[in-house]
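Computed from a predicted model, the values in this text were never measured in an experiment. Labels below follow one simple rule: chain letters A, B, ... track the order of the sequence lines, proteins then strands, and each chain is numbered from 1.
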2 protein chains.
Amino acid sequence: MTARPAASGAGTVPGRPGPGRIRRRNRTRILGAAEEVFAEKGFDGATTAEIAERAGLPKANVHYYFGTKEAIYRAVIDGIMELWLEAFGEIDERDDPAEALARYIRAKVSYSRNRPLASRIFANEIIRGAPVLRDFLQGELRAWVDERARVLRRWAELGKMDPVDPAHLFFLIWAATQTYADFEVQVRDVLGRERLRGEDYDAAADFITRIVLKGCGVKGA
Amino acid sequence: MTARPAASGAGTVPGRPGPGRIRRRNRTRILGAAEEVFAEKGFDGATTAEIAERAGLPKANVHYYFGTKEAIYRAVIDGIMELWLEAFGEIDERDDPAEALARYIRAKVSYSRNRPLASRIFANEIIRGAPVLRDFLQGELRAWVDERARVLRRWAELGKMDPVDPAHLFFLIWAATQTYADFEVQVRDVLGRERLRGEDYDAAADFITRIVLKGCGVKGA
DNA sequence: GTCTATAGGCTGATAGAC
DNA sequence: GTCTATCAGCCTATAGAC
């Protein structure tokens with residue numbers, strides 16, 4: 001998140017070996033390894049030794065790039081949060097409620113399927129009282145929900161759906177979609193699957209969409 | 001969970017000081033403190049030193065009673081799991097679907113309100129891949145869902161509700177209700193509350209019940 | 001920039017006096 | 001049964017040769 005001058009100095013070809021290339025590759029490796037370890041063990045359980053090992057680098061190298069374990073954690077969280085709100089598309093007053101909600105739910109389930117580690121790190125962070133993300137929750141997230149609440153109220157006024165409490169609706173959608181990442185083991189064991197397959201995620205998205213749309217009395221669903 | 005002979009020896013008055021009384025009190029204190037620490041820090045982040053401090057006992061005393069940190073953790077989990085299934089009442093074929101589901105959801109929200117620490121410890125255990133609870137998930141929990149699935153299918157045959165996938169329905173109910181314990185900070189921050197109040201939990205239970213009953217087309221809801 | 005060696009602190013667990 | 005003192009091991013982080 002810290003601004004750094006563009007990597008290519010005089011006489012280097014952009015996108016070519018040049019300075020900063022190894023640096024970028026190593027940072028990426030470390031962040032990838034860290035995402036795995038933080039998701040599996042939580043912040044306290046994770047060790048820089050294991051992160052270094054999975055990144056294929058000596059431990060001292062990891063500290064050379066990031067300084068402290070907490071700095072690695074914050075960098076991982078930053079990467080996750082960049083996606084958190086924007087990547088799920090917008091929910092706009094001019095949208096059709098059924099379409100917009102279905103799209104949002106599908107995007108969240110996709111995220112659980114494709115980025116389960118990110119989801120688990122986020123879950124862990126919140127369960128522990130959000131020491132790093134408290135500001136995000138009180139600021140950006142709350143504002144996002146307030147904005148979306150306006151949209152839902154408008155839709156209800158127009159008779160396009162029942163008047164429902166918007167905050168609780170989002171709590172339900174978030175919880176129901178994220179459970180397929182955070183509690184994947186439970187889902188797998190109850191369904192008797194070795195691993196969750198594409199069809200399972202599709203079934204989850206269809207189920208949640210159906211319950212939410214019908215449950216909220218969304219017209220044309 | 002290990003069988004221990006009844007505490008009162010010859011000549012002791014039951015429920016009176018006697019042998020085993022201090023033992024029981026100390027074990028209870030340790031388990032209470034451990035529940036707090038495991039919920040806040042997770043298994044790896046928790047330290048026996050902090051458990052001992054909160055229990056008001058020397059660290060060595062904690063090891064005298066439980067031996068290892070893992071033994072404390074397993075004892076805490078055992079206590080939690082005893083409630084997990086039975087305490088939520090049954091869901092029986094002869095029940096009225098609307099009543100039975102509403103009662104189940106209300107009981108789960110109550111649990112989130114009254115035992116948030118237990119809920120968080122469970123969540124942490126599942127996120128980490130359920131090293132201790134894997135057998136429970138594959139055995140008891142799966143069997144419980146299979147049994148309830150029969151009931152839901154029967155209700156659908158009788159036209160009392162839509163035919164819905166029972167497993168996904170329970171995933172949704174579990175996730176939606178537990179989020180008020182596990183993600184309490186998020187709920188609080190989005191709602192702008194200092195602390196969650198009774199009305200908030202009531203609103204949550206009402207909301208989830210309404211969405212689920214209407215979403216599943218339960219008659220007479 | 002990279003990596004070996006190691007400092008310094010905290011952890012789970014135990015020995016042994018009371 | 002209780003508790004002080006302590007150990008061995010692992011952890012984060014850094015110093016310093018290359």
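One interatomic measurement links the two molecules: CD1 of A:Ile22 to P of C:dC3, which rounds to 10 Å at whole-angstrom precision.
Taking the ring axis of B:Trp144 as reference, the NZ or CZ atom of B:Arg142 does not stay both within 45° of it and closer than 6.0 Å to the ring centre.
The side-chain hydrogen bond (donor to acceptor under 3.5 Å, both in side chains) analysis of residues 202-213 of chain A, with sequence neighbours excluded, yields the pairs A:Arg106-A:Asp206.
In this model, the phosphate group of D:dG1 is not approached by any side-chain N or O of B:Asn26 to a distance below 4.0 Å at OP1 or OP2.
Annotation: proximity of residues 30-48 of chain A to DNA chain C (heavy atom, distance under 4.0 Å) is found for no residue. Near DNA chain D, meaning a heavy atom under 4.0 Å from it, residues 51-73 of chain B has B:Pro58, B:Ala60, B:Asn61, B:Tyr64, B:Tyr65 in order of number.
For A:Phe122, the ring-ring contact (aromatic ring centres under 6.0 Å, His included) partners two or more places apart in sequence, or in a different chain, are A:Trp84. Residues passing the ring-ring contact (aromatic ring centres under 6.0 Å, His included) test with A:Tyr65: none are found, sequence neighbours excluded.
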Please set out all donor-acceptor pairs under 3.5 angstrom arising from side-chain atoms of residues 31-39 of chain B, sequence neighbours excluded.
residue, atom, partner, partner atom, Å
B:Glu35, OE1, B:Arg115, NH2, 2.9
B:Glu36, OE1, B:Arg54, NH1, 2.7

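Atom CH2 of B:Trp174 is separated from atom OG of B:Ser119 by 12.5 Å, given to the nearest 0.5 angstrom.
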Notebook entry, point to check: Please walk me through it: do A:Glu184 and A:Arg193 pass salt bridge (charged side-chain N to carboxylate O under 4.0 Å, His left out)?
Noted result: CA-CA 11 Å; A:Glu184 190 198 333; A:Arg193 297 268 194 281; over 6 Å; no
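Remark: the B:Tyr111 side chain and the B:Gln178 side chain contain no N/O donor-acceptor pair separated by less than 3.5 Å.
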